[in-house]
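Here the structure comes first, spelled out in structure tokens, and everything after it is commentary.
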Amino acid sequence: MGVDQIDASNACIPPAHPLTFQSLPLPSATRGEPIFLDGDGGRLNDGDDSKAPLLMYTVGKLIVIREIHLDESDNNNNISTFQPSTHRTGPSSTPSTNGFLYRGHSSPVTCAKFNPAGTYIASGDSRGKLRIWSYDHEEHLPKIELQMLAGPIRDVSWDFEGKRIVVVGDGMQGAECGKVVQWDTGVKCGDLAAHGRKKGSSCAFRPCRPMRVATGGGEDSMVFFHKGPPFVRVVGDGVVSEKCHERGAVHALRYNSDGSVLASVGTDGSVCFYEGRGMELVKRVEKVHLSSIFSACWNRSGTHLLTCGADGYARLLDGRVEGDSLGEIVNEWNVTAVHIGDKEQDSSGKVPVGAMQLGCAFIKGNVPVSVGYNGQIAVLPLPSSLGLPFTSSAESMEKPIVITGHQAPISAMTFGTPGSNTLYTADTDGVIIEWNGSTGKAKGRVSVVGEEDADVTGKVHAGATVTALTFHDGTLYSAGWDDYVRTTQGRSCIDKLKMESQPNAMTCGTTLIVVMTVEGLVLIKDKQIASELIRLPYSATAVCLSKDDSVLYVSGDDCNIHVYIVASSGSNPLSESHVIKGGHLKPVHSLSLSHDGTKLAAADVRDVCVYSTSDYSPIVSKGRWCFHTQRIGCLSWSPDDTVLASGGNDDDIYLWCIAKKMKRIHYRFAHRGGVTGLRFVGDAVSVGAGDWMLVSTGNDGAVNWWSVEENVTNKFN
């Protein structure tokens, strides 16, 4: 085990940037594996009413810490929602932005856990690295990074003092599948027993003295107990119960709050309760779920255990040892029915893949949440008859709240009808989300009419990447790599148009839509294909259509921009009128016309150029706005056409001003993996405060709102 050099850069969006709100991605999910959730924000967060309940989970190489708001109406259409909150604060007492994304890992993150104080987080990744970093510091600086295991870390747990950490995972060719170390130095605190095939799946630290560590096997269905420090396995006294599960993995081990009871759940669908100190089996409850149980969590008082499984249910068990009620199911939630809604469940009893519940937790200690394979977060109501304490905001909950979003990189974005407060985004899994554009809340997923979503995954384009979205005359058009352009009204996809080749981009004017495919262009009018495939002597890379449908701009792999006149009728709808040559050294990947139609912005892998549409002379030539380091995929003009925003695969957003060509505004680390969408809100919302609100989407699956007015005023005026 070695202490690695720590990279403290780009762990999060810099606090100086004017980020006002984030719509965060959903948890990553792998079928048959638990989703690691942590709803215990520690004393710093859960003991402060000015902080919303927190839920932490992982998505790809990112860690998401999401605020769960239970007291806000979805009907709030006030743009001031994005202004810094006076009654909620973030981790460093800064105004809340709905949570944040931590991007300090270089490999997919598998688990993350708050320390008891809520000030530090320990997170493990798929390459066996453990990273400990500050939560309450505005830049979230790392404390230490350790190479713990040869394979993925599956679970992590702190001791009650916040001084020691235990991790388990895949040992692979290494000698160990679990370790206990000092949190600040990485020094080992004993030797943990190795599970079968060097695969550990879960671990737990007893939250009081005498200290105990329990580890669960990934394949041997064993639970090993250790005492210390230094920690050694406890065996041979006839009391310790190690083989209580019949088969498979022990997916979760969890101590209650006072350390008196340890619970384990696993593949066999049973729940085992152990005496916390002596590690003797107290009771084994069989068939709590009809299939594998993937996760378990105690409430704050340690009286009830929440479980969830592949049968689509979340269940609450009595965890009190006193009396005969231990292990009894006191409440259950059919989460599958919540996801399906008004649709009837399969009469055969088959659970849709997307509704299989892979993770659960209590937020603020008393509000249960469950997460399924489709990533959607269900906040579950607790019946008042149980007599359990809950937060004031949860008392009014009568039915589950489903929080939706994206699990995959966002690939396209567009606004709805002006003044409608509607934003649409789509991702590489074919999922399309409708958002309230002024509050940042997801209204729901688009579903296909006439095609049953049997898996409850919400994929519109058959799991293929959605490459472009455009909104025209009350209808949303989406182009995907399933070779269809689909039309959607509201959240119902009602029709589809077959393309001859793969569509990669779309643009629309007043009555016309142009689809760019890998083999040429296709015109759509009145929801019907209006032309045959128009083949070009070059490969098109971007398209842009004027508002009056008269001029079409197409960039190609020849590094030129071709200007076409669009005919309203005739066999040849496009006639080339001009070619902008020599403006770029690399192919142009993004085109954008100003609102008044007098300026055309074009961007390649480095340069952002602006041309006059009257004579196609350069207003800003190459070599002037050349600070992006990777492909520039999106451009957006401000409502008054004075400022141009650009976003690239270098994770950065730049703001440029036509009147101040030598100046620029730079927002670093806007989206991990690159910026894929960029739009000024403008008149898309019903109030005028959106003129300088910038919305961005990225490969991190997040939608960010930026209030750039102050920066623009200070820099460009």
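Worth saying up front: this structure is predicted, and the values here are computed from it rather than measured.
Minimum heavy-atom separation, N45 to G118: ND2-O, 3.4 Å. Across G372 and I35, no two heavy atoms sit closer than the pair O-CD1, 3.8 Å. For the residue pair D311 and T336, the shortest heavy atom distance occurs at O-OG1, 4.2 Å. Listed here is the closest heavy atom pair of V156 and A122: CG1-O, 3.9 Å. Here the closest non-hydrogen pair linking A378 and V335 is CB-CG1, 4.0 Å. When every heavy atom of G174 is checked against every heavy atom of A150, the shortest pair comes out as N-CB, 4.2 Å.
For Q147 (side chain) and L149 (main-chain N/O), a donor-acceptor pair under 3.5 Å exists by modelled atom type. A donor-acceptor pair is defined here as one N or O able to donate and one able to accept, closer than 3.5 Å; no such pair exists between the side chain of D155 and the backbone of V168. For T267 (side chain) and A249 (main-chain N/O), a donor-acceptor pair under 3.5 Å exists by modelled atom type. Here the side chain of S257 pairs a donor or acceptor atom with the backbone of R300 at under 3.5 angstrom. No side-chain donor-acceptor contact under 3.5 Å links R197 to the backbone of E219. When atom types are taken as modelled, the side chain of S201 and the backbone of V250 share a donor-acceptor pair closer than 3.5 angstrom. A donor-acceptor pair under 3.5 Å is formed between the side chain of D125 and the backbone N or O of R127. No side-chain donor-acceptor contact under 3.5 Å links R233 to the backbone of H226. No donor-acceptor distance shorter than 3.5 angstrom exists from the side chain of D170 to the backbone of G151, with no hydrogens or angles considered. Judged by distance alone, the side chain of T307 and the main-chain N or O of A296 form no donor-acceptor pair under 3.5 Å.
With contacts defined as side-chain heavy-atom distances shorter than 4.5 Å, the pair K198/M172 does not qualify. Under the 4.5 Å side-chain criterion, counting only non-hydrogen atoms from C-beta, H406 is in contact with I433. The shortest side-chain heavy-atom distance between L54 and R66 does not fall under the 4.5 Å cut-off. By the 4.5 Å heavy-atom criterion applied to side chains, I132 and I121 are not counted as neighbours. Contact of the V240 side chain with the V235 side chain is not registered, since no non-hydrogen atoms from C-beta on lie closer than 4.5 Å. Put simply, the side chain of I165 does not reach to within 4.5 Å of the side chain of Y120, judged on heavy atoms.
Annotation: salt bridge (charged side-chain N to carboxylate O under 4.0 Å, His left out) contacts of R672 (sequence neighbours excluded): none. Residues that satisfy the ring pair (Phe, Tyr, Trp, His ring centres under 6.0 Å) test with F205, not counting sequence neighbours, are F231. Under the side chain to side chain donor-acceptor pair (under 3.5 Å) criterion, K243 pairs with S221, not counting sequence neighbours. Remark: F114 engages Y135 in a ring pair (Phe, Tyr, Trp, His ring centres under 6.0 Å) (not counting sequence neighbours). Scored by the side chain to side chain donor-acceptor pair (under 3.5 Å) test, R164 finds D159, E161 as partners (sequence neighbours excluded). Residues meeting the salt bridge (charged side-chain N to carboxylate O under 4.0 Å, His left out) test with D40, sequence neighbours left out: none. In this structure Y255 satisfies the ring pair (Phe, Tyr, Trp, His ring centres under 6.0 Å) test with no other residue, sequence neighbours excluded. Partners of Y274 by ring pair (Phe, Tyr, Trp, His ring centres under 6.0 Å), not counting sequence neighbours, listed by chain and number: F225. Listed by chain and number, the residues in a side chain to side chain donor-acceptor pair (under 3.5 Å) with T119 are N115 (sequence neighbours excluded).
Within the model, atoms CD of E145 and OG of S106 stand 7.0 Å from one another, a figure rounded to the nearest 0.5 Å. In this structure, L306 CG and S370 OG are separated by 7.0 Å, a value rounded to the nearest 0.5 Å. Rounded to the nearest 0.5 angstrom, L55 CG and D38 CG are separated by 8.0 Å. Taking CD1 from I403 and OG from S23, the interatomic distance works out to 11.0 Å, rounded to the nearest 0.5 Å. The OG1 atom of T97 sits 7.5 Å away from the CG atom of L24 when rounded to the nearest 0.5 Å. Residue L382 holds its CG atom at 8.0 Å from CG of N366, rounded to the nearest 0.5 Å.
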Quiz: residues 278-285 side-chain donor-acceptor pairs under 3.5 angstrom, not counting sequence neighbours:
unit_1 : atom_1 : unit_2 : atom_2 : d
K283   : NZ     : L326   : O      : 2.8
R284   : NE     : C244   : O      : 2.6
R284   : NH1    : E286   : OE2    : 2.5
R284   : NH2    : D268   : OD2    : 3.1
R284   : NH2    : S270   : OG     : 3.4

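Checked for salt-bridge contact, R154 and E33 meet the test: a charged N lies under 4.0 Å from a carboxylate O. Salt bridge absent: D429 and K459 never bring a charged side-chain N and a carboxylate O closer than 4.0 Å. Ion pairing of K188 with E176 is present here, as a side-chain N (NZ or NE/NH1/NH2) and a carboxylate O approach within less than 4.0 Å. A salt bridge between K61 and D700 is absent, with no side-chain N of the basic residue lying under 4.0 Å from a carboxylate O of the acidic one.
With W183 as the aromatic partner, K143 meets the cation-pi criteria of under 6.0 angstrom to the ring centre and within 45 degrees of the ring axis.
A side-chain donor-acceptor contact under 3.5 Å links H339 and Q376. Side-chain atoms of D318 and S325 include a donor-acceptor pair closer than 3.5 Å. A donor-acceptor pair shorter than 3.5 Å can be found between the side chains of S134 and D136.
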(request) Under the side chain to side chain contact (heavy atoms under 4.5 Å, CB included) rule, what do L316 and L305 come out as? Steps first, then yes or no, please. (result) CA-CA 6 Å; L316 192 67; L305 181 73; over 6 Å; no

(request) Any chance you could lay out the side chain to side chain contact (heavy atoms under 4.5 Å, CB included) test for L317 and V271, step after step, and finish with the verdict? (result) CA-CA 10 Å; L317 279 65; V271 179; 4.1 Å; yes

(request) Any chance you could lay out the side-chain hydrogen bond (donor to acceptor under 3.5 Å, both in side chains) test for T457 and D455, step after step, and finish with the verdict? (result) CA-CA 5 Å; T457 53; D455 292 338; 5.1 Å; no

(message) Test side chain to side chain contact (heavy atoms under 4.5 Å, CB included) on V232 and V234; report intermediate values, then the result.
(response) CA-CA 6 Å; V232 294; V234 180; 5.9 Å; no

(message) Apply side chain to side chain contact (heavy atoms under 4.5 Å, CB included) to residues R206 and V213 and explain how you reach the verdict.
(response) CA-CA 6 Å; R206 187 169 185 245; V213 169; over 6 Å; no

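Counting only residues at least two apart or on different chains, the ring-ring contact (aromatic ring centres under 6.0 Å, His included) pairs with a member in residues 285-312 are H251-F294. Among residue pairs with one or both ends in residues 150-175, none qualify as ring-ring contact (aromatic ring centres under 6.0 Å, His included); sequence neighbours excluded.
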